[in-house]
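Predicted model, so just to flag it, every value in this text is computed and none were measured. Numbers restart at 1 for each chain; the letters A, B, ... are given by sequence-line order, proteins then strands.
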2 protein chains.
Amino acid sequence: MKQQAVFKALADPTRRAILKRLHGGAMSAGEIGAAFDITGASLSHHFAVLKQADLVRTERRGQYIVYSLNSTVMEDLTRMVLDLIPSSGGKGSKR
Amino acid sequence: MKQQAVFKALADPTRRAILKRLHGGAMSAGEIGAAFDITGASLSHHFAVLKQADLVRTERRGQYIVYSLNSTVMEDLTRMVLDLIPSSGGKGSKR
DNA sequence: ACTTTATTTAGACATTTGTCTAAATATCTA
DNA sequence: TAGATATTTAGACAAATGTCTAAATAAAGT
């Protein structure tokens with residue numbers, strides 16, 4: 001599974017901000033990057049990490065590359081976290 | 001808030017395993033460490049990271065130091081993650 | 001008081017991470 | 001085709017991370 005990749009991806013504040021930025025819907029790399037004070041190259045690196053964790057999807061739209069949240073993996077994330085917490089009804093609740 | 005510290009702490013698989021190990025209740029550092037193939041010093045480092053994130057509590061019990069989950073912060077964690085996911089009723093659902 | 005057991009601290013070291021600049025690739029438009 | 005715009009890739013570099021060994025601290029049992 002991609003558990004490790006997902007948690008690693010979430011460990012960086014810029015990447016968490018990118019995910020939040022995508023709540024409103026799909027955006028191009030440039031639009032997302034406008035909110036951050038780092039180079040496009042650094043942004044692209046963060047996108048790669050998010051993509052590897054399968055947290056975002058990409059689609060080329062002409063000149064642009066459009067990013068969107070992968071809600072499936074987002075749900076997996078919820079499960080992963082709940083699994084970390086006791087008494088959540090998950091595998092962890094070994095009573 | 002400790003958001004960054006919490007996500008950083010969760011980024012390491014050993015630390016996530018430690019948290020899971022504590023589901024069953026409080027355990028001494030040594031008991032926890034028995035499950036891992038790293039030195040006590042490395043374990044201690046992981047404990048420090050978890051403590052800084054306020055994910056665990058410590059209490060000296062004679063010769064031992066006993067660790068337990070801090071369920072308050074665990075709940076905060078849930079909120080943080082849900083906040084990362086759209087349409088979860090949190091701040092993110094700006095509609 | 002000494003010894004043993006449990007845990008942390010200090011310091012070193014290799015690996016990973018986040019950032020940058022410069023160059024490459026892809027697409028659009030004149 | 002040439003030039004402009006958007007994004008990624010390659011390579012470098014400092015800082016952070018996870019690990020180790022050795023030494024320090026704390027409590028318990030003789």
Give a yes or no on whether the backbone of [Y] and the side-chain of [X] come within a donor-acceptor separation of less than 3.5 Å.
X	Y	answer
A:Gln52	A:Ala9	no
B:Arg15	B:Lys8	yes
B:Glu31	B:Ser28	yes
B:Arg16	B:Leu10	yes
B:His23	A:Leu84	yes

| task | With heavy atoms under 4.0 Å as the rule, sort A:Tyr67 into base, sugar-phosphate or nothing. | result |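 Counting heavy atoms under 4.0 Å across all strands, the contact made by A:Tyr67 is with sugar-phosphate only.
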| task | Name the nucleic acid region contacted by A:Gly40, choosing base, sugar-phosphate or nothing; use a 4.0 angstrom heavy-atom cut-off, strictly under. | result |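 A:Gly40: base contact, heavy atoms under 4.0 Å.
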| field | Within 6.0 angstrom of A:Arg21 CZ, more than 12 heavy atoms from elsewhere | value | yes
| task | Would you indicate, yes or no, if D:dT7 has its OP1 or OP2 atom less than 4.0 angstrom from a side-chain nitrogen or oxygen of A:Ser28? | result |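 A:Ser28 to D:dT7 OP1/OP2: side-chain N or O found under 4.0 Å.
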| said: Is the phosphate of D:dT19 approached by B:Thr39 (side-chain N or O, under 4.0 Å from OP1 or OP2)? | reply: no
| Salt bridge between A:Glu59 and A:Arg61, side-chain N to carboxylate O under 4.0 Å? | yes
| query | Are A:Met74 and A:Asn70 side-chain neighbours, meaning at least one heavy-atom pair lies under 4.5 Å? | reply |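 When only atoms from C-beta onward are counted, A:Asn70 and A:Met74 do not touch, as no gap falls below 4.5 Å.
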Atom-to-atom span, [atom1] of [X] to [atom2] of [N] - whole angstrom:
X	N	atom1	atom2	result
B:Lys8	C:dT17	NZ	C1'	9 Å
B:Gln63	D:dT25	CD	P	18 Å
B:Ile65	C:dA6	CD1	P	12 Å
A:Arg61	D:dT7	CZ	C1'	16 Å
A:Arg60	D:dT7	CZ	P	8 Å
A:Ile32	D:dA6	CD1	P	14 Å
B:Tyr64	C:dT8	OH	P	14 Å

| Stepwise, does the salt bridge (charged side-chain N to carboxylate O under 4.0 Å, His left out) test hold for A:Asp83 with B:Lys20? | CA-CA 8 Å; A:Asp83 193 39; B:Lys20 282 210 190 181; 2.6 Å; yes
| query | Choosing from C:dT16, D:dC20, C:dC20, which nucleotide comes nearest the side chain of A:Ile38? | reply | C:dC20
| query | Quick one, which residues of residues 9-19 of chain A touch DNA chain C with a heavy atom under 4.0 Å? | reply | A:Asp12, A:Arg15
| Residue-level proximity of residues 41-58 of chain B to DNA chain C when a heavy atom falls under 4.0 Å |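 Within residues 41-58 of chain B, the residues near DNA chain C are B:Ala41, B:Ser44, B:Phe47.
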